Each structure stands twice: as structure tokens, then as C-alpha cells.
Amino acid sequence: MTQRERILLVTAGVILLLVFGGVWLNKGVQEALLSSFWRSDGTWEAIQQRGAWRVGLDPSFPPFEMLDASGVPIGYDVELAHALAASWGVRADIVAIGFDSLPDALKAGKIDSIVSAYPYDERLTQDFLFSTPYFDAGLRIAVHNRSTINELSDLSGARVGVEWGGLGDMVGRRLQREGLTLTLQPFETPEEMIAALLEANSVEAILIDNVMLRKAQAAGLPLRAVNAPLESIPYVIVMPRRAYELQRQLENSLHQFQTDGKLDELERRWFAEHATEDVAP
Amino acid sequence: MVDFRKHWRLWIPFAVFLTFAIGLFWMQQRTLRVAIVPPQTVQTVNPKAGVHTRLTDEVEEWKIKRTLEMVRELGAPWIVEYFPWAYIESERGRYHWTHADMVVRHARQQGLRIIARLGFVPEWARPKDTTPLYLDEEHFVDFGNFAAKFVERYRGDIEYVILWNEPNLALEWGYTAPDAVKYTQLLRTVYPMIKAVAPEVRVLGGALAPTLAPPGSEFGVNDLFFLQAMYDAGAGDYFDILAVHAYGWHFDPDSPADPEVVNFRRTELLRTIMVENGDAEKPIIITEGGWNDHPRWTRAVRPAQRITYTVRAYEIAQKEWPWLEALCFWVFRFPWDQNSYQDYFTFVRTDFEPKPIYREVQQYLRAFAP
């Protein structure tokens, strides 16, 4: 063997060691390699055998999940879970769990998925699979249907209502710091803020969370959103890390619900029914 | 074999790599160095005001410094901070103080008084497949050794330590049944070990979770019953201050105390139990508490209410509760977004953007300060 060949051999050996070492150290790479050979989904198989999809949620976040008078979980997410399960020919078993314990329950196999107004969390992508968002609860700019405001820059010089101390208040102050010349008008409640926009005309726009906005719209108030959310809070369905088939089925069904209007229907039902208690005028 | 002496050019890549690595390391050290400020003092109209910081998992020193700086600028002289046993003594008898030193150093420079919460069990002190909150009686002495080392190291810097957290919840005992006698035994073991090395350090016991759990619940024990059971077991001699968690849920801070309700003034019921058990001279520190302003959580209030209630609670602490030494709200800031209702307990966002509640509380606490 020549000297050059020896050097090449040593170099190749070092590279091989580095590659194997990297794979050995990285759990994600290991699983990706394994799954490429054998993509079985134990969660989906268990759902099929059981005839039930076990869904974890915390019924403390109306209108997405709450308890009715007899203690039964109801809400947007509950109905979404039942509709998804039905589309796969199984039933949804709802398991009420405290919000903080939901990821642990999923990891421990106590439930098959989380459907609980659960915001996407990139820190958990090593542990779980996520669906595409089915709702964004983020902060929106809302105006009267007749308004000429059509984008963020149109707020320059405008009086903008915010809920004192809330996310809209904070983002409004940030926009001011960033140079947008708007005047913030704080209100103690969202109801007062909406009334100021639609009745008193004391503000030209409001910063409001999308759930409140959709509830107001569902109640028939002449409000429309401007631009994409100023702060996005996408709600997703969470699944075990290797539940590839469940994820595929879920994406198909969600896509179907988006195209056939099922998600809109859910919004109308749950946002409108619970709109009257906190939406003015 | 390659003869490196003969083929000296082969050394060149190594030399270049080594120089590059040393240069990178040097630059990184320069970047990470955070200046220690001259000692500061907290300007406040309410010397009982405090917050629970959450620096346990905050890696970067400048963020630790900035967090504590913002606490001082808020006008809150007290902080509660968690010092997990498992992080410091991950191997039995080997202590890693770097991070704790950093937190303590910056807190002291900012003029803040630290209440150190101790807990979180290292793997070597618990059976396999248990959670880091599991601790059985045979390891109480190990916990005591750690606590003694801790107070010894920070003597003069930390005068208050909380032993364990929410011992009336199963979760906080690694999903074993909460037991006031067991917790009293923990206090009885650890208290004298702390006093032996730093008699001036004041030991906080309790830190009970406010809960209406019914008798026999697998999740927890009603905090009022648990405190009485602690006294019955003789805990009174083994803590200097009662730590209290005072959450308001959706009640305002003036809602009267009621054993059937979790609200801010539930603190008064715990105080009554202390007095009835001959502990009237012993103070209380609220080490967690406050209101949440998540837009939809059933236990939350509106942001405007949260601001009003928070300021009013600080006033109550100062004007109405002479037996209260400090009121520390949960939670000042998280190192990263929790993406849950927990984010709506904070005063400052993870990127240090102050929430409106920060500004409003600051206005109250520093009303007459420069």
C-alpha cells in the first residue's frame, strides 16, 4: 500500500466514524432511518382495533372545550374530534385532562391525540407530530365593514381601540414604538371596545383576538378583519411522534372539512351560540 | 505508517485548525462575558413587593442579568427562584454551582432579596422510573446535605429557603399520596441540618397548593386540612416562616376568605390556623400567587382586572397584613414561551417586551421613586 493510499484509508475511516457517531448520538436520525424501512403506526392500528380514538382535552377553555350542566365535555374541539373520528369509522372517546398534563398523557400512551385549542409549539416537534392548524386564535386588526382601512399602514393617524392590559394593548404600544403614528384608546372590556367602533365611532379600528372577532361576526356584527394576524396563535392537533398514518388520515379529513364547509359550520355553531354573553352591542 | 516528521506539510492543516478553534473559543468567551454592574438598590413604595422569577433553565447570562434588572426597575425588592437539587448535585457529592452562582451574583448586584426554593430530586436519590419529584424518607438526609451545602455556600447572600413545593399534591411527590406526617419528617430532618451551618437562615415550610380537593382525592389534600395535619405532626418547630400560594382565580382580592373558595384571601384562613396552633409570631411569605389573563381560561380574569387586582393585592400586603413579610407573584418571565395559559401569568415576555401590567405595576411601585 502506498503512502497516499494509507492517508486516504485513514481519512475514510475518520469520516465513517464521524457519520456513525453522529447517527448514534442523534435519536431523530435513528428514527428517521428506522421509519424509512418500517413505517408502521401503532397508534393508528390501536385506534382501529379499539374502534375508538382517545382524545385528550382540558374542558376549561370555552368555546373550544367546556363542560355542560351535567359535566359532559362539549365545544368546538369536542365536536371536531367526533367528526374526525366518524370520518374514519370509529368513535371519539373524550378524556378530560389538565392542560399541563396533556403532553405527558400523550407520551405515556393514555390518549392518542390532543385536541384542546393547543397552540403549535416548535419545541415539541422532537416529541410529537402536529396537524396543520385548523384555527388561528391570534391578534387581528378589525374594522367596520364600511371602513376604508385595508392594511396595517392605513392605521397611521387612526384612533385604535385596545383592551387595556391585553395582547392588543401590548402590540399597539409596540407599533407606536416602531413608528406607526396611531393613537391607542384603551377599554376595560372587549364589549366596550366593539361598541366604540360600531356605535360610538370613537375609534376607527380595534385590535382584537380572533376568537372574539369570529364570535362577534357570528353574532351578525358588521366587522371584518384586515391583513393577516399581527400575532399568530395557530391551534393544532397533536399526535405521537411515530403516528404517521394517523397524521395522514387526519390531514385528509381536515382538508375535507375545510373544503366542504364543516369547519365553518363548527365556528358558526360554537362561536355564535356563545357569542351573546361577551359581545356587544 | 505516515511519517509526520518527514512530511512536515501534513502538520499545516492541524495547525490551521487549532488556531481557528482557539480563536473561536476566545471570541465566544469575549461575547459571553457580561459586565457586573455596581451594586444597585430597589426604589419602591412597597418593600413587601416581589415576584417569582424563573431562571432555572435560562442559559445565557445576559438574559439572567436583564431579567433581574427588570425586576429591580419594576420596584420589587424580593424574588423567589428555584434551585433544583438535581441540577446542582447531579452526581452524589459533586456540586455544580456555576449557574446558581450566576443567578445569585446578579440578583445581589441588583439589590434583590432571594428566597431560594429547593427541590427536584437527582436520579441517584430516587428509584428508577420515578419522576424528579419523588423522594422517599431514606433520602431525606441526602436532601438535607444538599440544603446545608447550599446555605453554606450562599451565606450572607441568601437568607431564606423554601423546603419542597406544594407537598399537599400527589404530583409534587412523584404521584405518591401526599402525607403531612411525611412532609413534617422532611422538615424535621432538614431544618436542623440547615441551622447547624447557617443559623440565621430562615426556613420556609408549607408552600401548599390552594385546593378544594375532597377527602380521599388521589390528586391532593385540601391545604387547610394539610396545614393542621402538619401542626398535629409537630411541624411547628421546624419552619420559621409559612410559605403560602395565594392565587385569586376569578375572584377579586377583596373577596372574603371562605374555606369553600380558592381566592387571594384564603391566606387569612391559613394565618388563622397558625394562630390557633400558637404560631402567631411567625410570619407568612406569599411565594406564588396572582391572577391570569388568558382570554378564555375559565380561571382567568380580563387583563384590566388583572392589573387592578395585582396592584390592590400589593396594597393589601402592605397595609392590611402586618404578619406578611413579602408577596411574590407568579411569574415574572419564562425563558421560552409555554404556549399555554401559563404565558398569561407573566409580567414580561420571553423577548423582554414588557406587558402593560409591568408598566402599570411599575407606576404603582415606583410612584415616588426617581
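Every chain is numbered from 1 and lettered A, B, ... according to where its sequence line falls, protein lines coming before strand lines. What you see is a predicted model, and the numbers here were worked out from it, not measured in a lab. Excluded from the calculations below are hydrogen atoms, water molecules and symmetry mates; all remaining heavy atoms, backbone and side chain alike, are included.
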Within the structure provided, determine whether [X] and [Y] are in side-chain contact (heavy-atom separation under 4.5 Å).
X	Y	answer
A/Phe99	B/Gln342	no
B/Glu360	A/Trp164	yes
B/Pro356	A/Arg173	yes
A/Met170	B/Pro354	no

So which bits of residues 103-111 of chain A come within less than 4.5 Å of chain B, counting non-hydrogen atoms only?
none

Just to be sure I understand the criterion: a residue of residues 174-189 of chain A counts if one of its heavy atoms is under 4.5 Å from a heavy atom of chain B. Which ones qualify?
A/Arg174, A/Arg177, A/Glu188

Which atoms of [X] are under 4.5 Å from chain A, going by heavy atoms: the side chain, the backbone, both sets, or neither?
X	value
B/Gln305	neither
B/Arg299	neither
B/Tyr344	side chain

From A/Arg123 atom CZ to B/Asp337 atom CG, the distance as rounded to the nearest 0.5 Å:
8.0 Å

Could you grab the distance from atom OG1 of B/Thr298 to atom CG of A/Asp58, nearest 0.5 Å is fine?
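The OG1 atom of B/Thr298 sits 7.5 Å away from the CG atom of A/Asp58.
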
What residues of residues 307-317 of chain B sit under 4.5 Å from chain A when only non-hydrogen atoms are counted?
B/Ile307, B/Thr308

Heavy-atom distances under 4.5 Å only: say whether A/Leu124 touches chain B with side chain, backbone, both or neither.
neither

Atom group of A/Phe64 that falls short of 4.5 Å from chain B, counting heavy atoms:
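Interface part for A/Phe64: side chain.
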
Looking only at side-chain N and O atoms, does A/Asp100 offer a donor or acceptor that is under 3.5 Å from a partner on B/Tyr341?
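Side-chain D/A pair, B/Tyr341 to A/Asp100: present.
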
Residues in ring pair (Phe, Tyr, Trp, His ring centres under 6.0 Å) with B/Trp249, at least two apart?
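By the ring pair (Phe, Tyr, Trp, His ring centres under 6.0 Å) rule, B/Trp249 matches B/Tyr247, B/Trp297.
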
Electrostatic pair A/Glu231:B/Arg349 at N-O distance under 4.0 angstrom:
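Between B/Arg349 and A/Glu231 there is a salt bridge, with a charged N closer than 4.0 Å to a carboxylate O.
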
Taking 4.0 angstrom as the limit, do B/Arg296 and A/Asp209 come out as a salt bridge?
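Yes, charged N to carboxylate O under 4.0 Å.
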
Heavy-atom closest pair, residues A/Gly165 and B/Pro303:
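Heavy-atom minimum between the residues: C-CB, 3.3 Å.
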
Should we count OH of B/Tyr87 as having more than 12 external heavy atoms under 6.0 Å?
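More than 12 heavy atoms, drawn from other residues, nucleotides or ligands, come within 6.0 Å of this atom.
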
